[in-house]
Structures are given as structure tokens and as C-alpha cells.
Amino acid sequence: MKALLLIDIQNDFIPGGALAVPEGDQIIPIANKLQEKFDLVVATQDWHPSNHKSFASQHPGHVTFDVVDLNGLEQVLWPDHCVQATGGADFSPELEVQKIEAIFRKGTNPAIDSYSGFYDNGHLKATGLADYLRGKQVTELYLAGLAGDYCVYFSAKDAISEGFKTYLVEDATLPINHEQFAAAKEDIRNRGGNIVKSTAIF
Ligand code: VGL
Ligand code: ZN
């Protein structure tokens with residue numbers, strides 16, 4: 001059984017949003033079309049309390065994109081984004097949501113960030129996504145969404161280590177930084193994951 005995992009296709013990550021991925025909206029038509037090819041579609045949603053410690057606004061004297069130590073983990077300080085139950089946290093209105101069977105929210109603990117849809121950045125707590133997928137007999141997982149160098153990358157690494165045959169659909173993913181994304185794709189390949197184009201699925 002193969003499933004499609006759509007990562008964080010939320011208003012704050014598309015142009016006009018608080019933490020916009022350049023041209024991030026351009027992946028949405030591909031993400032929509034991809035859904036037709038899967039019997040199971042699942043999504044993640046970045047879902048932070050307003051006092052989340054990944055926000056630069058919570059660190060007086062620091063500015064956005066500074067890197068700090070947060071409880072022993074390296075943390076990039078982001079603009080306030082995807083605050084729970086705000087419009088920025090909503091899925092893009094252009095994203096087809098009818099086929100999404102489950103939504104896994106992450107980043108809810110103010111003390112730790114959570115790039116992956118499977119675990120927080122310290123691997124302390126699972127979201128339940130891996131067990132959910134195993135419960136659905138999923139063996140192959142295709143990932144698409146935003147941002148390619150953060151949440152898609154970290155989700156793909158965890159998907160591999162959780163034992164799923166993992167495919168990152170590269171034209172249905174865009175990064176904050178293209179060089180970081182190139183390195184991320186190389187790392188995914190080295191870990192045994194696959195980088196594919198949507199045309200290989202259609
Ligand atoms: C993300 C930075 C902070 C992402 C989420 O979805 O890639 N990036 N929070
Ligand atoms: Zn976030």
C-alpha cells in the first residue's frame with residue numbers, strides 16, 4: 001500500500017505568508033494532481049502556540065534567522081508563523097482537501113520545534129503518524145510540500161528510519177534555500193530514500 005504525505009501546505013508558507021517559501025504556491029497544482037494517484041492521502045500542519053520558542057519574538061535581543069541553543073538543540077529563530085487557529089495556519093485555499101483522511105499537527109509544545117511530521121526535533125515524542133500508517137498497511141510513502149529543506153527533509157529522514165520505502169517528489173516540493181535542499185536530497189539518497197519527479201507517478 002502506498003500513501004501520499006502532504007507536508008505543511010499552509011498559508012504562512014506560501015507567498016504573502018509569514019514564512020513564505022519562494023514560489024511555494026507553484027507546487028499546489030502538482031500536489032492536487034498527485035492525490036488522484038493514491039488511495040491514502042495524509043497531511044501535516046505546523047500548529048504553534050503564539051509563545052512558541054522557535055519564534056524570534058520570544059528571544060529578546062535576537063532577530064529572525066538567528067540560530068540559538070534551545071534546550072540543547074540548535075534552533076533557527078523564525079518569524080511568528082502557523083499560530084494555532086489563525087488564517088496563516090490554514091491549508092492554502094488552493095489545496096484540495098477532500099481526500100485527506102488524517103491531519104497530523106506538530107509544533108504544539110512551546111519548548112521544542114518539530115520539523116518532521118513523525119517526531120519533534122529531539123525525537124522525544126511521536127505524533128502517531130508512523131503507527132497510523134502501519135495500521136493502514138502502508139509500506140511506501142511519497143512526500144511533497146513545504147519547506148523542502150526543513151519539514152519535508154526531516155519527515156523524509158524519519159520515514160526512512162521508520163522503515164517506509166520513501167520517495168520525495170521533488171517538483172512538488174520547494175525549499176526556503178535551494179542549496180540546503182540540494183544537500184538534503186543528497187542526504188536522503190544516501191540514507192536509502194528516493195528522489196522522484198511527479199511525471200514518474202502520473
Ligand atoms: C517549517 C520552519 C519552521 C516547514 C516549519 O514547514 O518547513 N519550517 N516551521
Ligand atoms: Zn514552524
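Numbers for residues simply follow the sequence, beginning at 1. Both ligands and their constituent atoms are indexed starting at 1 by order of listing.
- Here side chain to side chain donor-acceptor pair (under 3.5 Å) pairs that include residues 83-99, with residues two or more places apart or in two chains, number zero.
- Note on ring orientation: taking the six-membered ring where Trp is involved, the planes of His81 and Trp78 are perpendicular (angle over 60°, cut-offs 30° and 60°).
- Contact shell of ligand 1 (protein heavy atoms, cutoff 4.0 Å): Asp8, Phe13, Leu19, Asp46, Trp78, His81, Tyr115, Leu146, Ala147, Tyr150, Cys151.
- Counting only residues at least two apart or in different chains, side chain to side chain donor-acceptor pair (under 3.5 Å) contacts with residues 15-42 are absent.
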Leu77/Val68 under side-chain contact (heavy atoms from CB on, under 4.5 Å): CA gap, chis, key distance, verdict = CA-CA 7 Å; Leu77 297 181; Val68 299; 3.7 Å; yes
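- Taking the six-membered ring where the residue is Trp, His59 and His62 present perpendicular rings, their angle passing 60° and hence far from 30°.
- Tyr132 has its ring centre less than 6.0 Å from the ring centre of Phe104.
- Asp158 and His123 share a side-chain donor-acceptor pair at under 3.5 Å.
- Listed by chain and number, the protein atoms of type N/O/S under 2.8 Å from the Zn ion (ligand 2) are Asp46 OD2, His48 NE2, His81 NE2; waters are omitted.
- To the nearest 0.5 Å, atom CG of residue Leu5 and atom CZ of residue Phe164 are 10.0 Å apart.
- If you take OG1 on Thr166 and CD1 on Ile188, they are separated by 8.5 Å, rounding to the nearest 0.5 Å.
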